[in-house]
**Q** 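Structure incoming, see below.
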Amino acid sequence: MHYLKAYLKALTERGNERLSESIRYTAENIGDKYIKNFSFCSHEIGLLLGNVQSGKTAQMFGIICKAADLGFPIFVILTTDNIVLQQQTLERVKADLNNFCICGENDSGIFMDNSLIQPVIIVLKKNYHVLKLWSNILLSTGFMKGNPLFIIDDEADAASLNVFVNKNRQSSINKYLSKIKNEVSSSIYLQVTGTPQALFLQTTTSGWHPNFTYYFEPGVSYLGGDFFFPNNTVPACIKFIETIRNPEHTVIIRHLAVTGQLFISRNSTSNCLIHPSILQSIHNRYSAKLQTELRWCIEHVDNEFKIELQNEYKTLKPKKSNLYDFEIIFSIVKDLILNNAVKILVMNGKTKVDSCEYSKGCNIIIGGNTLGRGVTFPALHTIYYTRTSKYPQADTMWQHSRMFGYDRDTGLMRVYIDRPLYKLFTDINATNNSIISQIHLDIEHIKVFYPEGLNPTRKNVLDKEKVFALSGGTNYYPFEPDNNTIEKLDSILAPFNDTEPYFQVGLRLMKEILSHIISADDFSVNTFISIINALLSENSFAQGILIVRRNRSVAKGTGAMLSPNDWSLGATFENQVVLTMYKMTGQKGWNGKKLWIPNIKLPNNTVFYDIKETTIK
């Protein structure tokens with residue numbers, strides 16, 4: 001049976017032709033590049049990267065079908081440790097992939113009785129007890145002695161990694177995932193996420209660094225980072241709360257205006273999201289404040305409220321429907337507030353909210369960490385984001401970007417946020433785009449870099465002995481340098497005379513110069529070349545500054561390779577790579593050997609992350 005063909009046919013018959021074509025493209029590419037030539041006696045790990053809330057589940061299903069067509073009979077889908085999410089995923093698998101034998105966490109009997117007559121999909125949440133149980137089931141059956149296992153780990157950066165990597169211990173979930181993937185006869189482990197920072201910073205020896213990465217493009221109607229947080233411009237949907245006297249009041253008026261437009265356009269749902277803090281006391285404070293604002297709306301419904309609603313109405317520019325007459329919208333909104341039909345829902349560890357409570361009606365959701373992974377809010381057009389952190393993490397912040405998605409109307413979107421937070425999101429989006437560009441260019445070792453003060457991920461999943469950071473604005477040079485051919489460097493640098501203070505050159509020339517430098521671990525030439533590759537992925541003709549000096553007699557090991565003048569000159573170029581090349585006379589500790597020594601300074605206020613074991617082929 002052709003499982004991929006059947007799945008795509010079902011999607012097309014439902015009217016999802018564009019989605020079907022996207023899934024076909026992803027599944028065929030991954031199948032041809034990474035699955036078709038699988039040896040069936042090895043263990044491989046890969047990464048499927050997609051934007052947050054861009055439809056990764058459907059792409060996962062397509063890959064499962066393609067893998068089944070190529071001989072994989074057993075699949076495990078891992079969800080986060082959430083009962084509702086695991087059940088939702090299980091039900092979706094049953095609805096979309098009915099040609100497979102589908103097993104939940106308590107269906108070991110079904111798995112055994114099927115005896116691989118049909119390919120099997122087992123849907124498990126990443127819970128210690130569940131994984132331990134199924135590890136024993138899979139390893140005790142004879143099926144796995146001669147058949148490969150295909151594991152798809154949704155949100156693979158969330159709970160799968162070893163949080164005790166720096167304590168010489170292994171966390172329980174990581175332990176049993178390792179057991180499941182490594183102790184069967186062969187396996188492909190496909191990590192799936194929209195925030196891969198922690199995965200790219202895993203060592204290869206850990207077993208969790210992806211051997212290959214595939215990025216799938218979102219659909220045409222997707223609103224993501226480039227819509228909300230582009231470089232060099234602030235979109236109209238962004239409003240900075242520093243300029244608003246009473247943000248909660250403004251958010252309420254905006255949400256009600258949008259709700260009226262949506263409801264008259266035959267939409268049954270309108271959601272507003274408020275993300276102030278992780279503290280439950282602050283959630284309750286915002287809830288009380290919003291209740292006060294709603295009472296004000298009721299008390300002034302036919303005068304001040306109506307005037308403010310009409311002023312907000314004038315800013316609506318719907319793209320998916322016509323803008324309806326204000327009086328009609330006002331009538332709908334008036335009925336909502338007078339009948340107390342605007343629900344305020346607090347979502348946190350203390351108050352659980354089921355998705356059905358915000359799947360219909362006019363809702364305002366307030367919360368913290370529970371607003372992150374796996375939670376989708378339909379018809380979300382108004383966001384009030386004020387959450388701050390002393391040590392912000394890029395992947396956590398991005399996962400809380402619930403404004404991303406497909407069912408948004410660009411002309412109704414509004415995000416209320418302060419300027420520092422907006423800058424952080426813009427920086428995260430820029431790095432995300434750099435990662436995607438590196439993947440498109442097939443750069444083998446993906447580099448992650450962020451402004452100072454923004455961490456890529458939580459520190460407890462990074463091996464502090466292997467992961468290190470290079471700070472922009474710092475001068476780096478080798479203590480024990482050598483040249484693989486000084487004649488080649490002489491030739492490359494011949495056009496650059498000593499009389500000029502500096503030269504503007506392409507970063508590609510810097511790569512060529514560095515390729516002739518040999519050094520010990522104190523100055524990893526390969527790391528600097530890979531960083532330059534990352535910068536070139538964003539701009540193929542990116543420029544830097546080259547400073548060339550000859551006949552230098554600097555004592556070895558003094559700790560100050562650059563002259564004061566050259567140090568000061570390089571420091572003036574804050575946003576560019578500066579490569580200074582000194583040709584030594586061979587005196588003062590260099591054993592009479594002439595050689596070129598590099599000094600490199602990366603763009604200021606940026607931290608570049610790398611792994612010590614990484615090498616460039």
Side-chain angles (χ1 to χ4, degrees), residues 4-5 7-30 47-63 65-66 92 96 154 192-196 213-238 258 261-262 265-267 269-271 273 316-323 376-383 398-399 401-415 425-426 428-441 537-538:
L4 179 59
K5 184 177 180 180
Y7 178 48
L8 298 179
K9 181 175 182 291
L11 289 175
T12 301
E13 289 174 349
R14 296 178 202 165
N16 296 322
E17 292 185 23
R18 285 186 175 179
L19 177 61
S20 175
E21 180 58 25
S22 171
I23 292 170
R24 184 199 65 77
Y25 185 81
T26 298
E28 295 287 5
N29 271 280
I30 288 182
L47 168 62
L48 176 67
L49 175 62
N51 298 75
V52 171
Q53 299 194 143
S54 65
K56 293 187 291 294
T57 302
Q59 302 288 341
M60 287 161 40
F61 288 0
I63 293 167
C65 291
K66 181 63 178 178
R92 186 168 173 182
D96 288 1
D154 194 13
V192 182
T193 188
T195 48
T213 300
Y214 185 90
Y215 169 74
F216 73 90
E217 299 282 353
V220 291
S221 62
Y222 176 77
L223 298 188
D226 287 341
F227 177 81
F228 294 102
F229 310 110
N231 282 328
N232 304 320
T233 185
V234 178
C237 68
I238 300 296
V258 170
Q261 170 66 23
L262 289 174
S265 306
R266 298 184 179 180
N267 291 282
T269 310
S270 177
N271 283 316
L273 188 64
L316 302 181
K317 298 178 181 180
K319 306 299 182 184
K320 295 184 177 182
S321 63
N322 295 321
L323 180 61
T376 301
F377 299 98
L380 175 62
H381 289 92
T382 307
I383 298 96
W398 206 243
Q399 284 290 351
S401 305
R402 297 295 100 187
M403 70 279 285
F404 300 162
Y406 285 101
D407 71 336
R408 309 333 190 194
D409 188 320
T410 59
L412 299 179
M413 290 300 311
R414 182 63 55 82
V415 179
F425 274 116
T426 302
I428 296 170
N429 186 56
T431 293
N432 287 354
N433 287 338
S434 170
I435 290 172
I436 292 167
S437 295
Q438 292 176 67
I439 294 169
H440 283 320
L441 293 172
S537 73
E538 298 179 297

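Please read these numbers as outputs of a predicted model, since none were measured by experiment.
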**Q** Any donor-acceptor pair under 3.5 Å linking the side chain of Gln261 with the backbone of Asn322?
**A** yes

**Q** Say you draw a straight line from CG of Asp226 to CG of Asn433; how long is it, rounded to the nearest 0.5 Å?
**A** 4.5 Å

**Q** For the residue pair Met413 and Phe228, establish whether any side-chain heavy-atom pair is separated by less than 4.5 Å.
**A** yes

**Q** Find the distance between CG (Leu262) and NZ (Lys320) and round it off to the nearest 0.5 Å.
**A** 10.0 Å

**Q** Is it the case that the side chain of Asp409 and the backbone of Gly411 share a donor-acceptor pair, with hydrogens and angles ignored and the cut-off at 3.5 Å?
**A** yes

**Q** Find the distance between CG (Leu48) and OG1 (Thr26) and round it off to the nearest 0.5 Å.
**A** 7.0 Å

**Q** So Ile383 and Arg402, do their side chains get closer than 4.5 Å, heavy atoms only?
**A** no

**Q** For the CZ atom of Phe216 and the CG atom of Leu49, what is their distance to the nearest 0.5 Å?
**A** 8.0 Å

**Q** Measuring from atom CG of Leu11 to atom CZ of Phe61, what distance do you get when rounded to the nearest 0.5 angstrom?
**A** 10.0 Å

**Q** I need the minimum non-hydrogen distance between Gly62 and Tyr7, along with the two atoms involved.
**A** N-CE2, 3.6 Å

**Q** Between CD1 of Ile439 and CG of Leu47, what distance do you get to the nearest 0.5 Å?
**A** 6.5 Å

**Q** Please work out whether the ring planes of Trp398 and Phe229 are parallel, tilted or perpendicular, with thresholds of 30° and 60°.
**A** tilted

**Q** For the pair Arg18 and Glu21, evaluate salt bridge (Lys or Arg N to Asp or Glu O under 4.0 Å) and give the outcome as yes or no after the intermediate values.
**A** CA-CA 5 Å; Arg18 285 186 175 179; Glu21 180 58 25; over 6 Å; no

**Q** Got Lys66 and Ile30 here, is their nearest side-chain heavy-atom distance under 4.5 Å?
**A** no

**Q** Identify the two heavy atoms, one from Arg414 and one from Ala236, that lie closest to each other, and give their separation to 0.1 Å.
**A** NE-O, 4.2 Å

**Q** Mind listing the closest non-hydrogen atom pair of Pro230 and Phe227 along with its distance?
**A** CD-O, 3.8 Å

**Q** What's the shortest heavy-atom distance between Ile23 and Gln59, and which atoms?
**A** CA-OE1, 3.6 Å

**Q** Between the side chain of Asn271 and the main-chain N/O of Ala379, is any donor-acceptor distance below 3.5 Å?
**A** no

**Q** Can you see which heavy atom on Ser20 is nearest to which on Thr12, and at what distance?
**A** OG-OG1, 3.3 Å

**Q** Are Phe377 and Leu273 side-chain neighbours, meaning at least one heavy-atom pair lies under 4.5 Å?
**A** yes

**Q** Would you say the side-chain atoms of Asn29 pair up with the backbone N or O of Tyr25, donor to acceptor, closer than 3.5 Å?
**A** yes

**Q** Locate the shortest heavy-atom distance separating Leu441 from Ser537; write the atom from each residue and the value.
**A** CD1-CA, 3.5 Å

**Q** Is it true that a side-chain atom of Arg408 and a backbone atom of Met403 form a donor plus acceptor pair closer than 3.5 Å?
**A** yes

